[in-house]
Amino acid sequence: AVWDALEAAARAENRVEAAAQCYREVLARELDAPTVALVAERAVAYHDEWIDDVATQGELLSRVLELDPTAQWAFDRISLQLTASGRWDELIALYDRAIAQTEDPERKATLLEEAAHVAKDSAGKPELAVDYLTRVFNLKPRDPVVAAALERLLKQQHRYRELIAFWEERLNTLTGEEALATLQQVAACWLENLNDPAGALAAVEPLLDDASTVEAACRMLEQILASPASNPDARASALEQLAARYDGTERWRHVIDSLNAAITHVTDGELGVLHAEVAGRLLEHDRVDEALPHVAAIVALDSKTWSPKALSSLLRGGHAAEFAGCSATLSRDQARRVLHEASKLASDKFQDPTRAIVLLRCLVDDDLQDAAAVTALAGLYEASGLAAELLELRRRELGQADSIEERLSLRIEIARLLRDAGDLRATVTALVDNLGERPGHGPSVRAVVAALEQLESFPELAELLAQQAEA
């Protein structure tokens, strides 16, 4: 009745602002809940009707919430005003105050969800939305909608450690296939997003002890073994676990597939170990031809074990090749295939021409008629500036050359090497031998004339030219 009289008098005397000020002064006091309930909504309604000042209305509503945090109608009014004017930071601050003052878990969860939507969809603060949703999830861990929304935001923001913590918390409420899928996500996230194979292994290990999850765990071990993110220790551990479960079963091929995938990206220091693991398993299952490329890689990489002496023995069929506990004696043809492939790998892939030369020498020493090995060795000698070694090789070829054309070509090459070495007299000798086999051979005549002129041996040159004219 008092407030009715106040408002009536204010209207009659045209002093509505004085009445509004009275309302504000009363609400500025520390009031008990019944008084707030009696005065607050009336004060706001009066301002709505008579006071056209949005800022003052906002201040009044804020004071109402300070006095009664449960006044939903006041909260809704302020949030509507702030939303309409796009004042997102103030709106978020309003939610923060309401959340802090709310004790009821359901009400708090509702406010947190609304705040998350404002932060993500309106304020452009997805990182803050994650914080709100994380608090909602802690209040409602079994709510699939909340869980899905939080998971999506964590992934979008690449907050992988928090994502793993979220998944691990979810495991407390999941069972069966959902729990298994979540554990796999944890392991994959450690490995693929955080490049932490140790974390992935730790996530996989519990799955290996459960018959219902061991198969999926082994698939994850295959991924750890094959992943570029894994380090040697992680690969060794994954391989050990897989070997214990796959070797001796029909799944032994799965280990080889994962090792082959790893071989494509590991460094040379680990490469030989992985090739040995593959070769050993293939040899154990009598897949010798399939094992040969891996044997070749090992031979190319391991110069200490595969010395020239061991390589020569291998070519004679007298050296058992042992890899990862399995051994096999290769035929001469297989051994030569291995050395050919090993020399290509050493030269091209591993950029080790010195090792390639050692391997090709073994092939040439075993069979000088191997044109591919001779050509490759000559090319490496030339590229490496090993003129003396190239000269020796060409002389060996000359000693076994059957056709005149081949001998002529080899002597021209030998003469070039001798000339470059400064031995003009030997150069002349090689070229004269060519003219002895084929008088008037143009390239040889031109080369020997140049050599004799350089030697200033003009009488010898005149005699040679006379002989060639008669021929």
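Counting from 1, the numbers follow the sequence of the chain as shown. None of the values given here were measured: they were computed from a predicted structure.
- More than 12 heavy atoms of other residues, nucleotides or ligands shown are found within 6.0 angstrom of CD on Glu406.
- Between the Thr173 side chain and the Arg170 main chain, a donor and an acceptor come within less than 3.5 Å of each other.
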Decide yes or no on side chain to side chain contact (heavy atoms under 4.5 Å, CB included) for Arg395 and Leu391, but give the supporting numbers first. CA-CA 6 Å; Arg395 281 172 167 164; Leu391 178 59; 3.8 Å; yes

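- Nearest heavy-atom pair across Ala300 and Phe350 is CB-CE1, 3.9 Å.
- Using modelled atom types, no side-chain atom of Arg107 and backbone atom of Glu103 make a donor-acceptor pair closer than 3.5 Å.
- A distance of 11.5 Å separates CG in Leu345 from CG in Asp352, rounded to the nearest 0.5 Å.
- Annotation: the span from Arg287 atom CZ to Asp289 atom CG amounts to 11.5 Å, rounded to 0.5 Å.
- Looking at heavy atoms from C-beta onward, Val449 lies in side-chain contact with Glu453 at the 4.5 angstrom threshold.
- In this structure, the side chains of Asn193 and His158 stay at 4.5 Å or more apart for every pair of heavy atoms.
- To the nearest 0.5 Å, the span separating CD on Glu413 from CG on Leu408 amounts to 13.5 Å.
- In this structure, the side chains of Phe137 and Thr134 stay at 4.5 Å or more apart for every pair of heavy atoms.
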Pair Arg219, Val204 - check side chain to side chain contact (heavy atoms under 4.5 Å, CB included), show working. CA-CA 10 Å; Arg219 286 198 297 271; Val204 166; over 6 Å; no

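- Here the side chain of Asp367 pairs no donor or acceptor atom with the backbone of Leu363 at under 3.5 angstrom.
- The side-chain heavy atoms of Leu82 and Trp88, taken from C-beta on, include no pair separated by under 4.5 Å.
- Side chain of Ser237 to backbone of Asp233: no donor-acceptor contact under 3.5 angstrom is found.
- Scanning for side-chain hydrogen bond (donor to acceptor under 3.5 Å, both in side chains) contacts around Lys349 gives an empty result, with sequence neighbours left out.
- Take Asp420 and apply the side-chain hydrogen bond (donor to acceptor under 3.5 Å, both in side chains) test, not counting sequence neighbours, and it matches Arg416.
- The side-chain heavy atoms of Ile164 and Leu194, taken from C-beta on, include a pair separated by under 4.5 Å.
- Under the 30°/60° scheme for interplanar angles, the aromatic rings of His294 and His275 are found to be tilted.
- Heavy-atom minimum distance, Gly440 versus Leu435: N-CD2, 4.0 Å.
- Side chain of Arg235 to main chain of Ser230: a donor-acceptor pair is present (N/O by atom type, distance under 3.5 Å, no hydrogens or angles).
- Residues forming a salt bridge (Lys or Arg N to Asp or Glu O under 4.0 Å) with Glu162 (at least two apart in sequence, or on another chain): Arg159.
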When you look at Glu127 and Gln157, which way does the side-chain hydrogen bond (donor to acceptor under 3.5 Å, both in side chains) test go after all the steps? CA-CA 7 Å; Glu127 69 287 348; Gln157 295 178 46; 5.7 Å; no

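- Listed for the Lys108 side chain is a donor-acceptor partner under 3.5 Å among the backbone atoms of Thr102.
- A side-chain N or O of Gln241 and one of Arg245 form a donor-acceptor pair less than 3.5 Å apart.
- Side chain of Asn195 to main chain of Ala229: no donor-acceptor pair is present (N/O by atom type, distance under 3.5 Å, no hydrogens or angles).
- If you take CG on Leu311 and CG on Asp365, they are separated by 11.0 Å, rounding to the nearest 0.5 Å.
- Note: Leu417 CG to Arg394 CZ = 8.0 Å, rounded to the nearest 0.5 Å.
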Before giving the answer on salt bridge (charged side-chain N to carboxylate O under 4.0 Å, His left out), spell out for Arg438 and Glu405 the whole-Å C-alpha distance, their side-chain angles and the decisive distance to 0.1 Å. CA-CA 10 Å; Arg438 178 167 291 174; Glu405 295 299 332; 2.6 Å; yes

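- Counting only residues at least two apart or in different chains, salt bridge (Lys or Arg N to Asp or Glu O under 4.0 Å) contacts with residues 459-471 comprise Arg425-Glu460.
- Here Asp96 pairs with Tyr132 under the side-chain hydrogen bond (donor to acceptor under 3.5 Å, both in side chains) rule; sequence neighbours left out.
- One distance of note links NE2 of His254 with OH of Tyr246; it measures 6.0 Å at 0.5 Å rounding.
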Derivation and outcome, salt bridge (charged side-chain N to carboxylate O under 4.0 Å, His left out), residues Asp143 and Lys140: CA-CA 6 Å; Asp143 189 320; Lys140 302 163 67 175; 3.4 Å; yes

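- For the pair Arg253 and Leu282, the minimum side-chain heavy-atom distance is below 4.5 Å.
- The minimum heavy-atom distance linking Gln184 with Ala216 is given by the pair NE2-CB, 3.7 Å.
- Side-chain contact between Asp196 and Leu191 is absent, with no heavy atoms from C-beta onward closer than 4.5 Å.
- Checking side-chain atoms of Ser343 against main-chain N and O of Leu360 turns up no donor-acceptor pair under 3.5 Å.
- At least one donor-acceptor pair under 3.5 Å links the side chain of Arg407 to the backbone N or O of Ala401.
- The shortest side-chain heavy-atom distance between Arg251 and Glu222 does not fall under the 4.5 Å cut-off.
- Checked for salt-bridge contact, Glu277 and Arg281 meet the test: a charged N lies under 4.0 Å from a carboxylate O.
- The salt bridge (Lys or Arg N to Asp or Glu O under 4.0 Å) test applied to Asp121 returns no partner, not counting sequence neighbours.
- When all heavy atoms of Val136 and Ala109 are compared, the pair lying nearest together is CG2-O, 3.9 Å.
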List the steps and the verdict of salt bridge (charged side-chain N to carboxylate O under 4.0 Å, His left out) for Arg396 and Glu392. CA-CA 6 Å; Arg396 289 179 61 191; Glu392 179 190 1; 5.4 Å; no

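- The closest donor-acceptor contact from the side chain of Arg87 to the backbone of Gln81 lies at 3.5 Å or more, if one exists at all.
- Counting all heavy atoms, side chain and backbone alike, Ala116 lies closest to Leu133 at CB-CG, 3.8 Å.
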With salt bridge (charged side-chain N to carboxylate O under 4.0 Å, His left out) as the criterion, how do Asp89 and Lys125 come out once you've worked through the C-alpha distance, each side chain's angles and the decisive distance to 0.1 Å? CA-CA 10 Å; Asp89 289 343; Lys125 296 183 176 181; 2.9 Å; yes

Determine, step by step, whether Ile256 and Trp252 satisfy the side chain to side chain contact (heavy atoms under 4.5 Å, CB included) criterion, reporting the C-alpha distance in whole Å, the side-chain angles of both residues, the deciding distance to 0.1 Å, and the verdict. CA-CA 7 Å; Ile256 287 181; Trp252 67 274; 3.2 Å; yes

Would Leu431 and Ile412 satisfy side chain to side chain contact (heavy atoms under 4.5 Å, CB included), going step by step from the backbone distance to the final call? CA-CA 7 Å; Leu431 295 168; Ile412 290 288; 3.8 Å; yes

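- Ala217 and Leu207 get closest at one heavy-atom pair: CB-CB, 3.5 Å.
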